[in-house]
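What follows is a single structure, written as structure tokens, with notes after it.
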Amino acid sequence: MGVIKISNLYKIYDESKIPVKAVNGIDLTICQGEFTAIVGPSGSGKTTFLNMVGGLDKPTKGEIKIDNIDIGDLPPRKLIDYRLNNIGFVFQAYNLIPVLTALENVAFIMQLQRKGKKERNKIARELLETVGIGDKLDRRPGDLSGGQQQRVSVARALASKPKFILADEPTANLDSKSTNELLDLMLKMNKELDTTFIFSTHDQRVMDKARRIITIDDGKVTSDVRKNGSK
Amino acid sequence: METLFKIAWRGLWRNKRRTLITTTSVFLAVFLALFMRSIQIGSYELMIDSAVTEAGHLQVHDSGFWESKSINDSFIYSESLKNKIEGAENVKTVIPKLETFALGSYGEMTKGFMLQGIIPELEDLRKNISDKLVEGRFLNTNDDGIVLAEGLAKFFKIGVNDTIVLIGQGYQGISAVGIFPVVGIIKYPIPKLNNFITYMSLSKVQEVFAPYHPGLVSTIVIDLKSDKNLKTEAKEINSLLGSKYEVIPWTIMLAEVVQQIEGDNVGGLIMLAILYLIVTFGIFGTILMMTMERRKEFAVMVAVGMHRGKLAIVVCIETLMIGLMGVVSGILASLPLLQYLYRNPIPLKGEAAKMMLEFNIEPIMPFSLELFIFSNQGVTILILAFITALYPIIYVNRFKILKAMRS
Ligand SMILES: Nc1ncnc2c1ncn2[C@@H]1O[C@H](COP(=O)(O)OP(=O)(O)O)[C@@H](O)[C@H]1O
């Protein structure tokens, strides 16, 4: 399934006694297979929002239910397993493990899931071929370009067969060619695997490709537009 | 596990120079520690060896003898007494002797010395006295002759086949006088012994010093199969013999040797502690840096689903590897050197030699190859490395993902 239901979500930072309402009451439902962009000016709360949905940060108030499980109720160890099996992460700074090769980076996730060595290497190889890194399996991240690293990290995010993938500004460090390639790749995965993608951006080209655009300002949703042809 | 090991191992070599420097510091510490301990333990072994050779593991005396050192506090060595002692499980050999002071006279010279009445064959087996012969022969059973230490022979200007006059006080006040041919001269490396020791057969000494009390001895020397529990062993044998007798372990008879060893050992251990403290801080510095540098990586790993416990294993492996590499290389490097020195101990000269001679020890610098010296260093370093690893282990179990990710 993979339905995310967010209700009455708040995150208030209490810095030096002047509270910052980074997320200020958000209600949203995101369905299986959506390809959604979260947009808004810098400081509007996009990262804070995505971190809470990804279980990396705790809401001050409100709940995030994924397939009817309130992830705020999960104890720390369960939450780690939950992230492992249900959420794929793509970071702005790629954040691959520098001492592992491209193949090992992708296989690593499946090893955490206790998949057998043969199986995980096979799937990792296939995924890397799909994202166009099939000829650079044994390179370490330091020997790959930014665009290549980000494609490896998409493969890593897909490796656990997650319900959805969260990407915070995935193209911010990429040139326009790599940006286009990455978006096409994400769209393709979205179509082929029916994986839900939620990503934040303030890049117009990225917004153009999104099927649903949710605009956040000052921690509140100001508009939520579904384009034609989307589910 | 394989991947965790891979991450740890490759993590170590990301900064090759730093890891090499840290490992080298462990290597040097282990090498130095092994060298130092090998000498120390080696010299303790030598000291203990010569002490035990001289005194035996245990000695049985009449209960007053240790205080008075007088021939009057002697006792009769009987078959039944011997059987009682041999009844104790751990006893290897039981050898009686009659020790007393005597005055020797030859030509114009007169001098007091220690006369040991021994069973020549048995005593020679224990102490290899005949190896020390420089002239003449060693004693036979019921020998009439006397063997002098070389220092005494020089003092008297006496040689083999000359005869020496002995005067002493025998058992219960009788006067003991006799004239005996010198049959052999032995050389002790230790001046104190070389100027003080003479040997005669037990039967002859008994005949001269206790003609009316056949079988009189001052001492029974006991060698044990294992020297693990000297004190309990002494107590056990004492209880077999009764309170007329006193069983004393060499560690009490030669307490100054034990004290010397203990004092020196404490000094050595303090040196080791300082050495290891420095090395531990070295390892800690490296581990601290490795942890700080990778805060973000650690955060990402936990974010994508790695349990903190697994991360703790990674940092633990890293720290232990530094220790292990240092320990193994240190042992491998020192082993051939120590083996060589074990076979060819360094002879000592000057002050150090004098000091050792004062403690009745041959002046060489012996090395020991006891397994525990190596295992102790190895285990110590690994424990210290593990203690060092507590810092990153605690860190990876506590850090806040988002805060670490921003670092
Ligand atoms: N750890 C934090 N402590 C205090 N304030 C924070 C923290 N993280 C973010 N903020 C504040 O919350 C607001 C939203 O930030 P963020 O979610 O990063 O926005 P965006 O991703 O849209 O740029 C900003 O005003 C920011 O300064």
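Below, chain A is the first sequence line, B the second, and so on; all start at residue 1. Source: prediction; values computed, not measured.
Considering all non-hydrogen atoms of both residues, A:I80 and B:V302 come closest at CD1-CG1, 3.9 Å.
Partner of A:P98 under the side chain to side chain contact (heavy atoms under 4.5 Å, CB included) criterion, chosen from B:E297, B:R294, B:R10: B:E297.
Heavy-atom pairs under 4.5 Å with chain A peak, among B:A299, B:G309, B:A303, at B:A303. Of the listed residues (A:N85, A:N51, A:I109, A:L96), the one with the most heavy-atom contacts under 4.5 Å to chain B is A:N51.
Looking at B:K400, there are no atoms closer than 4.5 Å to chain A (heavy atoms on both sides), in backbone or side chain. For a residue to count as touching a neighbouring chain, one of its non-hydrogen atoms must lie under 4.5 Å from one of that chain's; by this rule A:Q113 does not touch chain B. Interface remark: B:I7 contributes backbone and side-chain atoms alike to the contact with chain A (heavy atom separation under 4.5 Å). Neither the backbone nor the side chain of A:A107 comes within contact range of chain B; no heavy atoms are under 4.5 Å apart. Only the side chain of A:F91 comes within less than 4.5 Å of a heavy atom in chain B; its backbone stays farther off. Proximity to chain B is limited to the side chain of A:I97, based on heavy atoms less than 4.5 angstrom apart.
To the nearest 0.5 Å, atoms NZ (A:K117) and OG1 (B:T3) are separated by 7.0 Å. With rounding to the nearest 0.5 angstrom, the CD1 atom of B:I401 is 4.0 Å from the CZ atom of A:R83.
The environment of A:K220 atom NZ is sparse: at most 12 non-hydrogen atoms of other residues, nucleotides or ligands sit within 6.0 angstrom.
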